[in-house]
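Inspection log for the structure reproduced underneath, given as structure tokens.
Computed from heavy atoms alone, side chains included, the values below leave out hydrogens, waters and symmetry copies. We name chains A, B, ... by the order of the sequence lines, and we start the count at 1 in each one.
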Amino acid sequence: MRLTWCSRRLLLGGFQFSCRTLSQAARAEPAPPAGQAGPWHLYTAVCLQRLPVVAPPLSDTERRFAALLRQLEFERSLKSSHEIRHEMDIATAEALRASEGDDPDLAEAASLQTAADFEDACAEELAGFEPAPTITEADRAGDQRSLQRRLSSRLVLVVQQRLGAGTSWMLPQGRHQDGATLRQTAEQTLQAMVGPNVNAQFLGNAPWGFYKYKYPKPLQQESGAVGGKVFFYKAVLRGGSVEPVADRVADHRWLTAAELGGQLRSRYRRAVHRLLIDHD
Amino acid sequence: MALSLGLSTVQRLAANVLDMSLSRSLCALTISTRRDISTSSAAAIAVSHPLCAEPLKKKKRIDPAVVRAREERRRRKLEKAIRRLEKSSRQLKPLAEMELPREVRAELSERRRPARPLTTEEANERFDLMKEWTRHRREQHVADVAVLRRIQESRAKALRELRAESFELYCAAIEEDPDLVPWAHSGPTLTPPIDGYDAPDGDYVDTTRRWE
């Protein structure tokens, strides 16, 4: 498949991943020595994460051990005032039955709200409260563009970035220019890709991951660089809204670490996976 | 004028001198020459010696030993006061949550639960479950350590490559980020927040006992 290049766009914005050229690059590339021949273009990519909103459900062991701990705590405890009151209510009721309603004091004591009544009233009030569901609409619909999906996992933003004539699924990536640090480049890249209203907190000045790829031959000659070196920066979504900019990004998804495999290319995915927490 | 003020002889002399000089200076303004009685207040000004003062008392010499004894006593009093205050701060304050309330302590016998002995099967089950839990937690810890090591290595590799690429960018990357610490995050809850939930109003009155 012949690809047409818009060299200016590519040099500023990135380059197009092509299956054929990537695999060629992977085979041709040896273990990276200290300084490979030829200049490399530097890129920063941003791994924007939405942290878990809800705790994951307990596993079987955890559930049984939690029950055991509750049981032990109960056995070693003293009776609470509520329990004492409940026992006294029962005794009062018994005494009332034995005396067959002669004693007015007992009758009065029995007519007050018993501990059991109080417990029932509390349970009723609790039943009236409806907590938000942990499995949301987005989960059922499988809407991968929604932030309300998979509330107990971390979600990573993956975009279909426009490169040259085509697009590619990757983390938002931007070319580093002279005069800025890598962290500044990363922040600018994120704002350029998903709009200025995103509230992301970047985790430090240092990159978290590294990925290197070679340009295809025509682009190498055009740009004068061997390929690109991508430095990954991590950020946490604190709020705001993610509004993908249409002329840089065709589509976006929020994926868990496990779902990344289905969306990203293998060597790139391995580089990204190395810097992620993947419990979930 | 000086006579009329009822001054002493010495004072009167001084007053006269001043009167003369004042009169001379006022000559240009007044028609009459020197006079002793004046109705204007300017000519009646007189400089007097300090009045209503006692000669100062003679300072008695105090025995230095007595002075030292007084200082010592003052110091010991202060130290005693400091020790008394510190003693109070050294005493461990009671934790209301860790102590049984007075009412409960009074009826301890009624509050005890009847001891129910465990059967052998139950005891074995509990023992097995505790072992299973230990193994489960150890596996979790090992997995956590592996994940953290993997992430650390990825970071170290990125910094190595950056250093090889550009020393300047590397130096900027290893700078401390002051916004990172202190890090604050409200962790995951059991259920997600309800959209537009109107929490009921209430007052929080802090009844913690404070010890100074």
In this structure, NE2 of B:His136 is separated from CG of A:Asp60 (nearest 0.5 Å) by 10.0 Å
Could you give the side-chain donor-acceptor pairs of residues 166-177 of chain B under 3.5 Å, partners two or more places apart or in another chain?
residue  : atom : partner  : partner atom : Å
B:Ser166 : OG   : B:Leu169 : N            : 3.1
B:Asp177 : OD1  : B:Asp179 : N            : 3.3
B:Asp177 : OD2  : A:Arg183 : NH1          : 2.9

Heavy-atom cut-off 4.5 Å, strictly under: side chain, backbone, both or neither for A:Pro133 against chain B? backbone
Part of A:Arg76 within contact of chain B (heavy atom distance under 4.5 Å): neither
Are the side chains of A:Leu42 and B:Glu165 in contact, using a 4.5 Å heavy-atom criterion? yes
Based on non-hydrogen pairs under 4.5 Å, which of B:Ser154, B:Ala143, B:Pro193 is most in contact with chain A? B:Ser154
Side chain / backbone / both / neither for A:Ser80 at chain B, heavy atoms under 4.5 Å: backbone
Minimum-distance pair of heavy atoms, taken over all atoms of B:Glu110 and A:Ile84: O-CD1, 4.2 Å
Between B:Arg111 and A:Leu78 (side chain of the first, backbone of the second, donor and acceptor by atom type, cut-off under 3.5 Å), is there such a pair? no
Under 4.5 Å from a heavy atom of chain B, the part of A:Glu130 involved: backbone
Could B:Arg150 and A:Trp208 be counted as a cation-pi pair, given that NZ or CZ must be under 6.0 Å from the ring centre and within 45° of the axis? no
Chain B: which of A:Leu72, A:Thr136, A:Leu51, A:Val236 shares the most heavy-atom pairs with it under 4.5 Å? A:Leu51
Cation-pi between B:Arg113 and A:Phe74: NZ/CZ under 6.0 Å from ring centre and within 45° of the ring axis? yes
Could you pull out all donor-acceptor pairs under 3.5 Å where a side-chain atom in residues 83-90 of chain B meets a protein atom, sequence neighbours excluded?
residue : atom : partner : partner atom : Å
B:Ser89 : OG   : B:Glu86 : O            : 2.8

Evaluate the side-chain proximity of B:Glu125 to A:Arg64: yes if any heavy-atom separation is below 4.5 Å, no if none is. no
Is it the side chain or the backbone of A:Glu83 that comes within 4.5 Å of chain B heavy atoms, both, or neither? side chain
What part of B:Leu148 gets within 4.5 angstrom of chain A, counting heavy atoms only: side chain, backbone, both, or neither? neither
Looking only at heavy atoms and a cut-off of under 4.5 Å, which of A:Thr181, A:Leu151, A:Leu276 has the most pairs with chain B? A:Leu276
Give, as side chain, backbone, both or neither, the part of B:Val181 having an atom under 4.5 angstrom from any heavy atom of chain A. neither
Which portion of A:Gln71 sits near chain B, non-hydrogen atoms under 4.5 angstrom: side chain
Proximal component of B:Arg116, with respect to chain A [non-hydrogen, under 4.5 Å]: side chain
